[in-house]
Amino acid sequence: MPFKIDATGHQKRDTVYARYSIRYAPGSAQIPKGYGTELSVLYDDKNGGRTLDEVSLLDGPWYPKCWPQVDNQEMSRLAPLLDKMQFAEVRLKERKKEMQPY
């Protein structure tokens, strides 16, 4: 990841999308339903309660496979997911404000 040095000599990272969604769980793992901060659920609450495989099949590769190998079909479907992620990130900021103590 590229770094820059600020005026104080400290390293600063360029803004990038974090790959929070790399799948470290089996495709059968279920996404919790309800109030939360999971981007795929903030985009579409129907994703709550689905398995990672179901979400990837029905709504895009929110949780790309990384083991035993990368799924090239999923990788080819990543670009359209960026618009969904931007929408979900706006909702995430709103959700975090709701969750802050007064």
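- The hydrophobic clustering, which links ILVMFWY residues whose side-chain heavy atoms are closer than 4.5 Å, places Leu78 and Tyr63 together.
- Under the 4.5 Å side-chain heavy-atom criterion for grouping Ile, Leu, Val, Met, Phe, Trp and Tyr, Phe87 is connected to Leu42 within one hydrophobic cluster.
- For Gln69, there are no side chain to side chain donor-acceptor pair (under 3.5 Å) partners two or more places apart in sequence or in a different chain.
- Residues Leu52 and Met75 are members of one and the same hydrophobic cluster, defined by side-chain heavy-atom contacts under 4.5 angstrom among Ile, Leu, Val, Met, Phe, Trp and Tyr.
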Evaluate Asp83 against Gln86 for side chain to side chain contact (heavy atoms under 4.5 Å, CB included), listing each step before the verdict.
CA-CA 5 Å; Asp83 290 333; Gln86 288 175 345; 3.9 Å; yes
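- Qualifying side chain to side chain donor-acceptor pair (under 3.5 Å) partners for Asp59, counting only residues two or more places apart in sequence or in other chains: Asn47, Trp62, Lys84.
- Between the side chain of Glu74 and the main chain of Ser56, no donor-acceptor pair closer than 3.5 Å is present.
- The side chain to side chain donor-acceptor pair (under 3.5 Å) search around Arg95 returns Glu98, not counting sequence neighbours.
- To the nearest 0.5 Å, the span separating CD on Gln73 from CZ on Arg77 amounts to 8.0 Å.
- Between Val41 and Lys33 the shortest side-chain heavy-atom distance does not fall below 4.5 Å.
- Contact detail for Leu39 and Ala88: the closest heavy-atom pair is O-CB, 3.5 Å.
- Between Val55 and Ser40 the shortest heavy-atom distance is CG1-CB, 4.3 Å.
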